[in-house]
Protein chains: 2
Amino acid sequence: MSEPKKRPTIRDVAKAAGVSVATVSRTLAGDYPVAAATRARIQRAVRDLDYVVNAHARALSGTTSKIVAIVVHDTTSPFFAHIASGVEQQATEAGRLCLVCTTHGDPDRELEIVKLMREQHADAVILVGGVFESEEYLERMSRYAHGLAEAGSKLVLCGRPSLGRDIPAITVEYDNTGGAFAATAHLLSHGHRRIAMLGGFAGLTTSEQRIQGYSDALTAYRVPVDPALVSHGELVRASGYERTSELLRQGTEFTAIFAGNDHVAAGALAALREAGKRVPEDVSVIGFDDTPFSEDLNPPLTTVHLPHQELGRTSVRMALQANGSSRQHVMLGTHIVVRDSVAAAPRPDSGRSRGRA
Amino acid sequence: MSEPKKRPTIRDVAKAAGVSVATVSRTLAGDYPVAAATRARIQRAVRDLDYVVNAHARALSGTTSKIVAIVVHDTTSPFFAHIASGVEQQATEAGRLCLVCTTHGDPDRELEIVKLMREQHADAVILVGGVFESEEYLERMSRYAHGLAEAGSKLVLCGRPSLGRDIPAITVEYDNTGGAFAATAHLLSHGHRRIAMLGGFAGLTTSEQRIQGYSDALTAYRVPVDPALVSHGELVRASGYERTSELLRQGTEFTAIFAGNDHVAAGALAALREAGKRVPEDVSVIGFDDTPFSEDLNPPLTTVHLPHQELGRTSVRMALQANGSSRQHVMLGTHIVVRDSVAAAPRPDSGRSRGRA
DNA sequence: ACGAGGACAGTAACCGCTTACACAAGTGTT
DNA sequence: AACACTTGTGTAAGCGGTTACTGTCCTCGT
């Protein structure tokens, strides 16, 4: 009793309009020539019956499912939220619907989801953010990726390193190396030579790339890389605070800090302030990510902007226009957002309160 | 040449296992008795062939689509992101996939999306956040809502007022009135009698409810409602700043502010500081929503917490367990998060810098 | 005047899965 | 021994579209 009347089908429309289902289908699809009068009658019938196509039936009979899936760690984090937003926008523009799943960073859950996605025959499956890639993970992911490819779904790795040569996927990521290079060069061009790098965990590709960019820039400026200035750790505020304090305590000499991300920079800022150092007069600080809060820090943080939304949009665009060999790699440029945390390096002799190694 | 091999179908599995498709289908569905040996052979075949069911075919043949759709203004705003997160979690727990769409607050776009959702035969369509409901909007929405109901989809209105009696929908919202009552009572119990209310737009149900709660509390404490203390406007930071400044400029007497939400409270805080007022010594401020940044404000903001995730989860739960008459209304409780922006009202004679009306 | 080709429309074969209905054994009952 | 179940499996009819293949007319060119 709860759902008495059945929804009308294409056949009902055909009958009401006095034509065949084929004609109705064609009229609705838009392409294909249909006489104006016939078309009008069909549209009339559609309206009268309140007809709505069944997406599943449509997807089943050969054509695409018109959906793109995005898999993120967590929808509430701004990083993922913005990428997801870009994906959603671009998907909408392309007439697609957007399926969202979360993994909470768990590789197993991610695999489970990708497996599930194969059932949906999504046009694209976009995996955002890295996870720990064990041997077993790689093996399973490879299998699923091939399954997706066979089913005609494009796999795209967004904001994370590509999985390897034998896995069919499109990779869309930031130019971390380039961004880190630019950040470091920005500091160098302000006269800094002793630049501390508060990097992410060793082993994580993203972290390594940023450290690589840092080294490259130093080398380009013929400044030796001092291991004492480079540290690895979690990219959270507490770690930035901790590592900066440690640097200060040890008396390691430095006039600038390149933080692995803005959270770390915020921590560094706090430690510096506590130690009586002024930013940017005594020490310059540059961040990475351009997280929303970075402009509210004290002082507003100069940082490397990552175009999150654009990354999402590009992922969808690439996937949807990819034909055949779907193994591409695109790298999105970054740019520095100059705010107030970087200034010229203090004159060595004015060394108001710098430690010595 | 790009997709040479076709994916195996249930028939391939049946053939490989030497059984009929019915048996395979039953084995995969889980229920229904199937001999252990047969089941094993089928699972073997599934593994060997790397068989994956086709969700569309499954959805088409009667059973549910196993997807729930959520429609929000914008995925990047924390408010929507947390509700969406709750929806996603609960949907996942219920073995559903989650489709996300954004309207950017545009009623037409919302209608367009709901219309689209009918094609998907989602188990539930969850509309989050209010929009301006014109006569035409209501009329179209009503039509679509009935369409959804006929197709067996539940419509739920989440965090927004219900649309009216003739529209079949489940409503899940916050107890705005109760929350506002509690916030105002909190201020009253601290001795405040002149409480400014920085409300949202008149006409928006949510805003009206909060103002209602405010009035009710005042009345309960036998404090007359002074229209000069109540203002309406957009619930953004600039508006809070503006309206507070105006209040100060006009010399309206008040010892506390109840802000329509935390953004407005942040603006009020800024205006107060600029005017040399101390919070909470001179003026107490209470917000609404418990937005993440509210604890980082200066001083940390006392505010009304709204259980966003829980709202999302409840929406899904209600929709999925609703049978038959799907017209329910549930209201989620709120609670005050006490931080540092509220203190006892200053003694009238200590009036260090209060204006007069 | 006649064949060619374009514009429309119809028939029916799928797409891949679920499930009502039918049927064959095996197990107790009486 | 005949009968009623219970179990396990098969057959085939949809679910609601799309589209390849055909078949009319009509209009033109020559």
Side-chain angles (χ1 to χ4, degrees), chain A residues 3 5-43 45-46 49-67 118-121 147 150-153, chain B residues 3 5-43 45-46 49-66 116 118-121 147 150-153:
Chain A
E3 295 132 39
K5 31 182 178 288
K6 274 246 123 306
R7 302 247 70 217
T9 74
I10 197 173
R11 272 168 252 270
D12 298 319
V13 175
K15 195 170 305 169
V19 297
S20 73
V21 293
T23 308
V24 176
S25 179
R26 286 167 187 144
T27 303
L28 266 28
D31 42 8
Y32 212 85
V34 174
T38 314
R39 155 164 288 136
R41 253 183 310 140
I42 291 176
Q43 284 167 343
V46 166
L49 273 54
D50 191 25
Y51 168 75
V52 177
V53 298
N54 181 321
H56 300 297
R58 177 174 282 180
L60 183 55
S61 41
T63 62
T64 127
S65 69
K66 295 290 185 197
I67 90 170
R118 299 204 289 162
E119 303 182 358
Q120 298 295 325
H121 289 244
E150 277 173 30
S153 304
Chain B
E3 295 132 38
K5 29 182 179 285
K6 273 247 126 299
R7 301 246 71 217
T9 75
I10 197 172
R11 267 169 259 272
D12 298 320
V13 175
K15 195 170 304 167
V19 297
S20 74
V21 294
T23 306
V24 176
S25 179
R26 286 165 187 144
T27 303
L28 265 28
D31 42 10
Y32 216 85
V34 174
T38 315
R39 155 162 290 134
R41 250 183 312 138
I42 291 176
Q43 282 167 343
V46 166
L49 271 55
D50 191 25
Y51 168 76
V52 177
V53 298
N54 181 322
H56 300 297
R58 177 173 281 181
L60 184 55
S61 44
T63 62
T64 129
S65 69
K66 294 290 184 198
L116 246 180
R118 301 204 287 163
E119 303 182 359
Q120 298 295 325
H121 290 243
E150 277 173 31
S153 303

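Chain naming here is simple, since letters A, B, ... match the order of the sequence lines and numbering starts at 1 in each.
- Taking the screw axis at each terminus of the helix from C:dA1-D:dT30 to C:dT30-D:dA1 from five consecutive base pairs, the angle between the two is 40° to within rounding of 10 degrees.
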I'd like a table of donor-acceptor pairs (distance under 3.5 Å, sequence neighbours excluded) in which one partner is a side-chain atom from residues 34-43 of chain A, with atom names and distances.
residue, atom, partner, partner atom, Å
A:Arg41, NH1, A:Ala17, O, 2.7

Could you run through nucleotides 9-19 of chain C and give me one letter per nucleotide, 5' to 3': B if any protein heavy atom sits under 4.0 Å from the base, S if only the sugar-phosphate is that close, - if neither? BBBB--BBBSB
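- Rounded to the nearest 0.5 Å, atoms CG (B:Leu60) and CZ (A:Arg58) are 13.0 Å apart.
- For B:Arg118, the salt bridge (Lys or Arg N to Asp or Glu O under 4.0 Å) partners at least two apart in sequence or on another chain are A:Asp50.
- To the nearest 0.5 Å, the span separating OG on A:Ser65 from CD on A:Gln120 amounts to 8.0 Å.
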Walk me through it: do A:Val19 and A:Val13 pass the test side chain to side chain contact (heavy atoms under 4.5 Å, CB included)? CA-CA 8 Å; A:Val19 297; A:Val13 175; over 6 Å; no
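- For residues 19-28 of chain B, the side-chain hydrogen bond (donor to acceptor under 3.5 Å, both in side chains) pairs, not counting sequence neighbours, are B:Ser20-B:Thr23.
- In this structure, the separation between CG on B:Leu49 and NZ on B:Lys15 is 10.5 Å, given to the nearest 0.5 Å.
- Rounded to the nearest 0.5 Å, atoms NE2 (A:His121) and CG (B:Asn54) are 4.0 Å apart.
- Listed by chain and number, the residues in a side chain to side chain contact (heavy atoms under 4.5 Å, CB included) with A:Val21 are A:Ile10, A:Arg11, A:Ala14 (sequence neighbours excluded).
- Checked against side chain to side chain donor-acceptor pair (under 3.5 Å), B:Thr64 has the following partners two or more places apart in sequence or in another chain: B:Asp123.
- Protein chain B touches strand DNA chain D; the 5'-most and 3'-most nucleotides with an atom under 4.0 angstrom of its non-hydrogen atoms are D:dG8 to D:dG16.
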